[in-house]
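See structure below.
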Amino acid sequence: MTPYDYRDPDVRRRRFRPIPVRMLVPNVITLLAICAGLTSIRLSIEGRMSLAVYAIVFAAALDGIDGRVARLIKGQSKFGAELDSLADFVNFGVAPGLMLYFWQLHELGNAGWIAAMVFAISGGLRLARFNATMDDPNKPAFAANFFTGVPAPAGAITVLLPIYVAFLDLGRAPAAVTAAYTLLIAFLMVSRLPVFSGKTKRMRVPPELVLPAFVAVIFFIALVIAYPWHVLSIGTVLYLLGLPLGYKSYRDQARAMEAIAPAGSEVSSPPSAPTMASLSEPPHDDDRPGRLH
């Protein structure tokens, strides 16, 4: 009998079970996002920066829907969770850093490469911290509505602001300024700054506003298609200006909880960095897609 004789009942028991199609759909969306991120790198090497930016925005849009689709069709899996983290690192860490390097940072030589590399590494560290501290039992309930640091997709969109401005014919900033801005966004990604996420907010549209909501969405999409650089530039600036508001909201809710908390209890005030114990523990189940069994 060979080691692969399938007549052996033990071997038959170890065979994988069929995987439902609904478990594959979210992972296909994530793979499409990876393809978009890798394509953006190729386009930036070829000097087609506008198409490269479109590819990153498309990857960010896919990243925003893959998890929601998985929850909608009950297709979560641990495999999908790991694949999603890999996609985020490639699409929103490596790809934007390389795009900026090929676009302008290469003018600084090694210094420009270091700035691009620091941004990519910061994206990976940001994702690793998110996975390690996802189910921290010491976090207050309201903290679930906040990210710790700028999330990777938002960091990728905001770090490309110098490219948006250049396409608006407002002039290209010096390479040193672009490098400093890249390092600033990298710092915001790995910082402990509370950033409003809105994940726990359930938005419902009144029946009388359904049609106006459709019109507003179509109008916004038309604006993005007709004036992409204006929309991306204004959206990036507004997002950066809104970061202090998220911090203030977190602090206000923390103070309010401290005021009503019983004596001797603790309320965490800005999100803490992961400890060695939390990094050594295996991650618990979350609302992201998980592994296929």
Side-chain angles (χ1 to χ4, degrees), residues 29-30 32-41 43-44 48-68 84-85 87-105 115-116 118-127 130 147-168 170 173 177-191 193 195-199 220-221 223-246:
I29 297 176
T30 304
L32 289 176
I34 295 178
C35 292
L38 294 175
T39 301
S40 71
I41 297 176
L43 293 171
S44 62
R48 297 186 284 177
M49 294 305 303
S50 59
L51 294 178
V53 173
Y54 295 155
I56 287 294
V57 174
F58 181 61
L62 293 177
D63 178 76
I65 67 174
D66 60 355
R68 289 171 175 81
D84 185 69
S85 293
D88 287 352
F89 175 60
V90 173
N91 298 338
F92 311 126
V94 176
L98 291 177
M99 288 171 59
L100 288 169
Y101 179 78
F102 293 129
W103 178 67
Q104 187 184 42
L105 293 181
V118 167
F119 178 83
I121 292 174
S122 297
L125 293 175
R126 166 69 177 76
L127 293 166
F130 174 79
F147 293 119
T148 302
V150 172
I157 298 298
T158 56
V159 80
L160 299 177
L161 179 61
I163 299 179
Y164 311 153
V165 173
F167 280 120
L168 287 174
L170 298 179
V177 174
T178 301
Y181 177 76
T182 302
L183 294 175
L184 171 64
I185 301 301
F187 170 76
L188 291 176
M189 291 173 65
V190 298
S191 69
L193 177 70
V195 178
F196 184 74
S197 68
K199 279 189 172 182
F220 176 76
I221 294 175
L223 279 179
V224 172
I225 295 174
Y227 306 100
W229 311 122
H230 295 81
V231 174
L232 289 172
S233 298
I234 294 173
T236 297
V237 172
L238 291 178
Y239 181 82
L240 293 175
L241 292 177
L243 292 179
L245 299 179

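Taking CG of Leu161 as the start and CD1 of Ile185 as the end, the distance is 8.0 Å to the nearest 0.5 Å. Expressed to the nearest 0.5 Å, how far OG1 of Thr178 lies from CG of Leu183 amounts to 11.0 Å. Atoms CZ and OG1, on Phe92 and Thr158 in that order, are 11.5 Å from each other to the nearest 0.5 Å. Taking CG of Leu160 as the reference point, atom OG1 of Thr182 lies at 8.5 Å (rounded to 0.5 Å). From Asp88, atom CG reaches atom CG of Asp84 across 4.5 Å, with rounding to the nearest 0.5 Å. Here CZ of Phe119 is found 11.0 Å from CG of Leu105. Values are rounded to the nearest 0.5 Å.
Closest approach of Ala120 and Phe89 over heavy atoms only: O-CE1, 3.3 Å. Taking both residues in full, the closest heavy atoms of Gly37 and Ala59 are given as N-CB, 4.4 Å, listed atom of the first, atom of the second, then distance. Closest of all the heavy-atom pairs between Ile56 and Ser40 is CD1-OG, 3.4 Å. Minimum heavy-atom separation, Pro151 to Arg126: CA-NH2, 3.5 Å. In this structure, Met189 and Ala152 approach most closely via the heavy-atom pair CE-CA, 4.0 Å. Nearest approach of Leu188 to Ser191, heavy atoms of both residues: O-OG, 2.9 Å.
Residues Tyr54 and Pro228 are in side-chain contact: their nearest non-hydrogen atoms beyond the backbone lie under 4.5 Å apart.
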Give the table of side-chain donor-acceptor pairs shorter than 3.5 Å for residues 230-239, with sequence neighbours excluded, one pair per line with atom names and distance.
from: Ser233; atom 1: OG; to: Trp229; atom 2: O; distance (Å): 2.7
from: Thr236; atom 1: OG1; to: Leu232; atom 2: O; distance (Å): 2.7

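Atom CZ of Phe187 is surrounded by 12 or fewer heavy atoms from other residues, nucleotides or ligands within 6.0 Å. The local environment of CZ in Phe58 is sparse, with at most 12 non-hydrogen atoms from other residues, nucleotides or ligands closer than 6.0 Å.
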Between Tyr164 and Ile157, is the side chain to side chain contact (heavy atoms under 4.5 Å, CB included) condition met? List the steps. CA-CA 10 Å; Tyr164 311 153; Ile157 298 298; 3.7 Å; yes
Run the side chain to side chain contact (heavy atoms under 4.5 Å, CB included) test on Leu43 and Val53 for me, step by step, so that the C-alpha distance in whole Å, both residues' side-chain angles and the decisive distance to 0.1 Å come before the verdict. CA-CA 9 Å; Leu43 293 171; Val53 173; over 6 Å; no
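The closest donor-acceptor contact from the side chain of Asn91 to the backbone of Ala33 lies under 3.5 Å.
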